[in-house]
Amino acid sequence: MEAVPALARLRTQRVPLRFYRRDPVTVGRALLGCALVRGDRAGVIVETEAYLGPEDKASHSRFGPTARTSVMFGAGGVSYVYLCYGVHELFNIVTGDADQPGAVLIRALAPLVGLPDDPGVGRGPGKLTRALGITRADDRQILDRDDLFVARWERVAPTRIAAGPRVGVDYAGRCADRPLRFWIEDHPSVSKAPRRREA
DNA sequence: GCGGGGATTAACT
DNA sequence: GTTAATCCCCGCG
């Protein structure tokens with residue numbers, strides 16, 4: 001597949017901003033199989049996590065709107081990029097209408113355009129931002145631009161979608177157990193996949 | 001201001 | 001399994 005025709009097609013398949021104006025669980029599931037496009041690179045989303053409003057003790061919205069997180073309290077369809085552990089940029093998409101705080105963390109991508117043909121290159125939330133060149137300069141961007149958007153790509157049957165607890169949020173008590181992580185079953189680019197036993 | 005801690009990753013033992 | 005890297009956010013005083 002050549003990069004330019006693929007990008008041209010992706011632009012015609014861009015999802016409308018109303019796509020994001022639903023709850024983070026619905027959006028997190030619907031994003032699976034969609035393409036995330038950044039500049040001349042793109043990957044297929046294969047793993048997401050939903051983060052809810054202040055009642056979700058794992059969500060950055062739990063402190064209310066602050067200088068960093070106020071974007072989560074606005075209308076959906078906007079990026080939220082932050083630095084994690086002082087090392088990695090993590091890419092999220094804000095969901096819902098204004099005053100319905102929530103977001104979806106993109107946790108893994110399969111290479112599609114402009115990336116090495118290696119299932120590991122987008123396996124993990126810190127790795128995929130590095131692969132696509134996403135940084136905090138991409139924070140608070142409306143996802144209707146030509147160089148940063150989501151497009152419909154492949155349809156994922158509901159039976160291929162798995163759900164389980166989110167990763168790295170054990171501090172959140174009860175909220176940590178909720179099945180708010182979604183991934184495409186058996187996909188090689190999913191992070192923390194259970195290791196398959198050798199024959 | 002200060003101090004604690006984190007939506008991760010790779011490189012150790 | 002354990003740990004370093006590395007920085008900024010947030011609550012509190």
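Within every chain, numbering begins at 1; the chains are lettered A, B, ... in the order of the sequence lines, protein sequences first and strands thereafter.
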Distance, P atom - from dC2(B) to dT6(C), rounded to whole angstrom: 22 Å
Within one Ile-Leu-Val-Met-Phe-Trp-Tyr cluster: Leu148(A) and Val104(A), side-chain cutoff 4.5 Å: yes
Residue pairs fulfilling salt bridge (charged side-chain N to carboxylate O under 4.0 Å, His left out) with at least one residue in residues 71-93 of chain A, sequence neighbours excluded: Glu89(A)-Arg136(A)
Residues in side-chain contact (heavy atoms from CB on, under 4.5 Å) contact with Asp177(A), at least two apart in sequence or another chain: none
Side chain to side chain donor-acceptor pair (under 3.5 Å): pairs with one or both residues in residues 166-175 of chain A, sequence neighbours excluded: Asp56(A)-Arg166(A)
For Ala98(A), side-chain contact (heavy atoms from CB on, under 4.5 Å) partners two or more places apart: none
Nucleotide interval of DNA chain C bounded by contacts with chain A (heavy-atom cut-off, under 4.0 Å): dA5(C) to dG11(C)
Arg38(A) with Asp138(A): basic N within carboxylate O range, under 4.0 Å: yes
Sequence-aligned protein contact record of nucleotides 1-13 of chain B, with B where the base is within under 4.0 Å of a protein heavy atom and S where only the sugar-phosphate is: -----BBBSS---
Inter-nucleotide C1' distance (dG1(C), dA7(B)), Å rounded: 22 Å
Salt bridge (charged side-chain N to carboxylate O under 4.0 Å, His left out) partners for Asp139(A), two or more places apart: none
Sugar-phosphate, base or nothing in reach of Arg166(A), heavy atoms under 4.0 Å: nothing
Secondary-structure stems for DNA chain B, with pairs counted as Watson-Crick or G-U when both distances are under 3.5 Å and runs at least 3 long: B:1-6 with C:7-12, B:8-12 with C:1-5
Salt bridge (charged side-chain N to carboxylate O under 4.0 Å, His left out) contacts touching residues 16-25 of chain A (sequence neighbours left out): Arg21(A)-Asp97(A)
Sugar-phosphate only, base, or nothing, as touched by Arg130(A) at under 4.0 Å among non-hydrogen atoms: nothing
All salt bridge (charged side-chain N to carboxylate O under 4.0 Å, His left out) counterparts of Asp147(A), not counting sequence neighbours: Arg145(A)
Pairs touching residues 107-121 of chain A that satisfy side chain to side chain donor-acceptor pair (under 3.5 Å), sequence neighbours left out: Glu47(A)-Arg107(A), Arg107(A)-Ser191(A)
Close residues, residues 24-34 of chain A, relative to DNA chain C [heavy-atom separation under 4.0 Å]: none
